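Step one of this worksheet: look at the structure below.
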Amino acid sequence: MGKITVSCLLMVAAALLAQDTIKKPEIQNAVLPPVKIFKIVIDPGHGGRDGGAVGSQGTKEKDAVLEVANLLAKSLADETEERFKVILTRAEDRFIPLEDRISFANQAGGDVFISIHANSSESKKDYGFEIYYNSLATDDSSFGVVKRENAGFKEKKEAQNVDSMFVLWDLAQNEFQKESMDLADKVQAAVEEAVKKPRANGKMFYMRNRGVKQAAFAVLRGVRMPAVLIETSYLSNEEDENNLKKLEFKERLVEGILTAIKSYTKKNSNLQEVSK
Amino acid sequence: MKRISKPALVVLIAAFILAGYIVVKLLFPSPAELTFNYAARQKTVKLYFVNQDGKLQIEKREIQGSTNVSDDVMICVTELAKGPKEKNLYGALPKYALLREVYIDDNRCAYLDFSKNILTDAKGGTTAEKQLVFSLVNTVLENFGQITSVRILMEGEELKTLYGHLDVNRPLWGRTLE
C-alpha cells in the first residue's frame with residue numbers, strides 16, 4: 001500500500017515537473033517585453049537613366065551606391081541581437097522618381113531613412129565623406145540678410161515670407177530634425193572610426209571626415225521619419241574614386257553605418273522603455 | 001511794402017514745398033526709384049565661381065548694362081555661364097545653359113527660366129549641385145539689391161531638383177559654401 005502511495009506521489013510530482021517544463025517557454029515569452037523591430041529604409045541614390053556623378057575612371061554613382069546599399073542591407077539582416085527590417089527603395093539598376101521613394105518609405109512606416117550617394121565637385125581637390133540632414137531653417141539665409149552694395153546705395157534685405165505650402169512640406173521633416181541630427185552625428189563618428197583603421201595590407205585609406213552638414217534636399221522633403229543622406233566620397237577626386245571601387249572600403253563604410261544604426265536604435269529603444 | 005495777395009502766398013508756399021521735395025529726392029533717392037529709373041551703363045559685376053577648395057569665389061567683370069533690371073540679370077547670368085577668366089577658378093553653371101527669360105514678381109523674387117539644355121549633362125554630386133545653384137543665386141543677389149530671392153525654372157515650368165539632390169522648388173537665398 002505504501003509503495004503504491006509513494007509511486008502515485010512520484011507520478012504526480014513527475015507530471016507536475018513535466019507540466020512546469022512545458023509551461024516554461026510560455027512564461028518566458030510573457031515576461032520578456034516584445035522586441036521593437038526597426039524598419040530601416042535604405043535608399044541608394046539615382047539609378048537607371050539617372051547615373052548620378054561619374055568618376056574620371058568611369059565609376060558611376062548609381063552602381064557604387066547600390067553596392068554599398070546591398071552590403072548594408074545584408075549586414076542589417078544578419079544582425080542577431082537587434083531586429084531590423086530592411087526596406088530598399090531600389091535593389092537593382094532602375095530609375096525611381098524621388099517622390100516615389102518618399103511615398104514608398106512613408107507607406108512602409110519606416111523608422112529610419114538612409115539615403116546613400118557619392119559626391120562630386122567642380123574642384124578635383126575636394127575629397128572625403130560627409131553626412132547631411134534636411135534643414136530649411138538655416139538654408140540659404142546666411143547670405144540673404146547681409147548688407148550688400150548695389151548701384152551706389154546700401155540696402156539691408158528684408159526676410160521674405162515663404163509660401164505656406166513650402167512650410168507645410170518642410171514641417172514633415174523638421175519634426176524629426178533632432179533625431180536626424182543625432183543619427184547624422186553618429187554616422188559620421190562611426191564611419192570615421194571604421195575607415196581610419198589600417199587596411200588588410202597595413203596601409204590606411206586616404207580619407208577625410210567633412211562632418212555633418214545641412215541642406216534642403218528634394219529626396220528628404222516630406223519623409224516622415226528621421227533621415228540622413230550619406231555622401232560616401234567624391235567621384236571627382238581620383239583617390240576617392242579608387243577607394244569607392246574597392247570592396248574593402250565599401251565594407252568599412254557599411255561597418256560604420258551599421259554601428260551608427262545600432263547605437264541610434266538602441267538609444268531609441270531605451271527611450272521608449274523609459275517613456276512607458 | 002506791397003502786401004502779397006493770399007493766392008500768391010499759397011502758390012509761393014506750394015512752390016517752396018515742391019522745390020524742397022525735388023531737392024531731397026535728388027539728393028537721397030530711395031532704392032525703389034533706382035529700380036525704375038534704371039540707366040543703361042557700363043558696370044562691374046561680381047560673378048561667383050568655384051575655387052580649388054570647392055568654395056565660391058568672386059571674379060569681377062565689366063558688362064554693358066541695359067535699361068532694365070531683368071535684362072541686366074540676363075546679361076550677368078550669361079557672363080556667369082561663359083565661365084571664369086581667372087586661373088584656378090571653375091564655372092559651375094554649364095556653358096550651354098541658355099537663360100530664356102527673367103522676370104521679377106511683387107515679392108522681388110527673380111524667376112530665371114532656363115532652356116532644358118541646363119540638364120543635358122546633369123551628372124553631378126550634391127556639392128557640384130550646391131556650387132551650381134549658389135554660384136547662380138549669389139551672383140544675382142550680389143549684383144541686384146532689388147532682388148531678394150531667386151527661383152529656377154526650366155522651359156517655363158517649376159523644377160524639383162537639378163541633379164537629384166537639392167530641392168530647388170522654392171525661393172532660394174544665397175549662401176556661402178562651408
Side-chain angles (χ1 to χ4, degrees), chain A residues 45-46 50-54 60-61 97-99 115 117-126 130 132 134 136 138-146 148-155 157-163 165-166 169-170 210-211 213 215-221 229 231 234-236, chain B residues 28-31 34-35 38-39 43 46 49-55 88-92 107-109 122-135 137-138 141-150 160-178:
Chain A
H46 312 277
D50 172 16
V54 183
K60 285 181 183 162
E61 180 183 358
L98 296 181
E99 48 269 41
S115 194
H117 285 254
N119 216 336
S120 84
S121 165
E122 295 298 334
S123 167
K124 291 188 172 22
K125 280 170 73 182
D126 270 338
E130 54 206 45
Y132 279 98
N134 212 40
L136 176 72
T138 54
D139 176 51
D140 320 332
S141 58
S142 58
F143 200 88
V145 291
V146 297
R148 68 193 70 249
E149 286 179 57
N150 186 63
F153 66 89
K154 280 188 176 179
E155 186 196 7
K157 296 218 167 189
E158 299 151 17
Q160 195 190 19
N161 288 328
V162 182
D163 197 310
M165 185 188 81
F166 294 112
W169 263 107
D170 291 303
R210 301 173 69 98
K213 296 178 177 182
F217 278 95
V219 73
L220 303 183
R221 193 179 205 183
L229 188 142
E231 288 289 356
Y234 278 76
L235 282 175
S236 49
Chain B
F28 310 103
S30 76
L34 279 174
T35 313
Y38 209 78
K43 58 181 85 172
K46 293 172 182 171
F49 295 111
V50 180
N51 66 17
Q52 285 202 306
D53 298 323
K55 308 278 188 295
N88 300 326
L89 284 184
Y90 310 98
N107 286 326
R108 300 199 285 158
C109 173
K123 49 177 185 187
T126 300
T127 301
E129 193 174 10
K130 270 165 78 179
Q131 288 164 342
L132 191 169
V133 170
F134 293 108
S135 71
V137 174
N138 286 0
L141 296 181
E142 177 73 45
N143 294 293
F144 304 94
Q146 307 88 338
I147 296 168
T148 53
S149 62
V150 173
K160 198 174 175 69
T161 176
L162 285 162
Y163 291 172
H165 313 100
L166 290 193
D167 180 358
V168 296
N169 191 10
R170 63 168 84 221
L172 299 158
W173 291 273
R175 70 181 289 178
T176 50
L177 292 184
E178 71 276 3

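The sequence lines fix the lettering, A, B, ..., with proteins before strands; numbering per chain opens at 1. Worth saying up front: this structure is predicted, and the values here are computed from it rather than measured. Hydrogens, waters and symmetry mates play no part in the numbers below; they use all other heavy atoms, side chains included.
In this structure, a donor-acceptor pair under 3.5 Å is present between the side chains of B/Thr127 and A/Tyr234. Looking at B/Thr126 and A/Glu231, their side chains do bring a donor and an acceptor atom within 3.5 Å of each other.
In this structure, the separation between OH on A/Tyr132 and NZ on B/Lys130 is 3.0 Å, given to the nearest 0.5 Å. With rounding to the nearest 0.5 Å, the separation of NE2 in B/His165 from CG in A/Asn119 is 7.0 Å. Atoms OG and OH, from A/Ser121 and B/Tyr90 in turn, are 8.5 Å apart once rounded to the nearest 0.5 Å.
Minimum interatomic distance between B/Gly54 and A/Ser123 (heavy atoms only, all atoms of both residues): N-CB, 3.8 Å. The minimum heavy-atom distance linking B/Gln52 with A/Lys125 is given by the pair O-CB, 3.6 Å. The minimum heavy-atom distance between B/Gly124 and A/Ala53, with the atom names listed, is C-CB, 4.1 Å.
Contact tally against chain A (heavy-atom pairs below 4.5 Å) for B/Asn51, B/Leu89, B/Asp53: the top residue is B/Asp53.
Proximity to chain A (any heavy atom under 4.5 Å) is shown, for B/Asn88, by neither the backbone nor the side chain.
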>> side-chain contact (heavy atoms from CB on, under 4.5 Å) for A/Val219 and B/Lys160? Distances and angles first, verdict last.
In response: CA-CA 10 Å; A/Val219 73; B/Lys160 198 174 175 69; over 6 Å; no
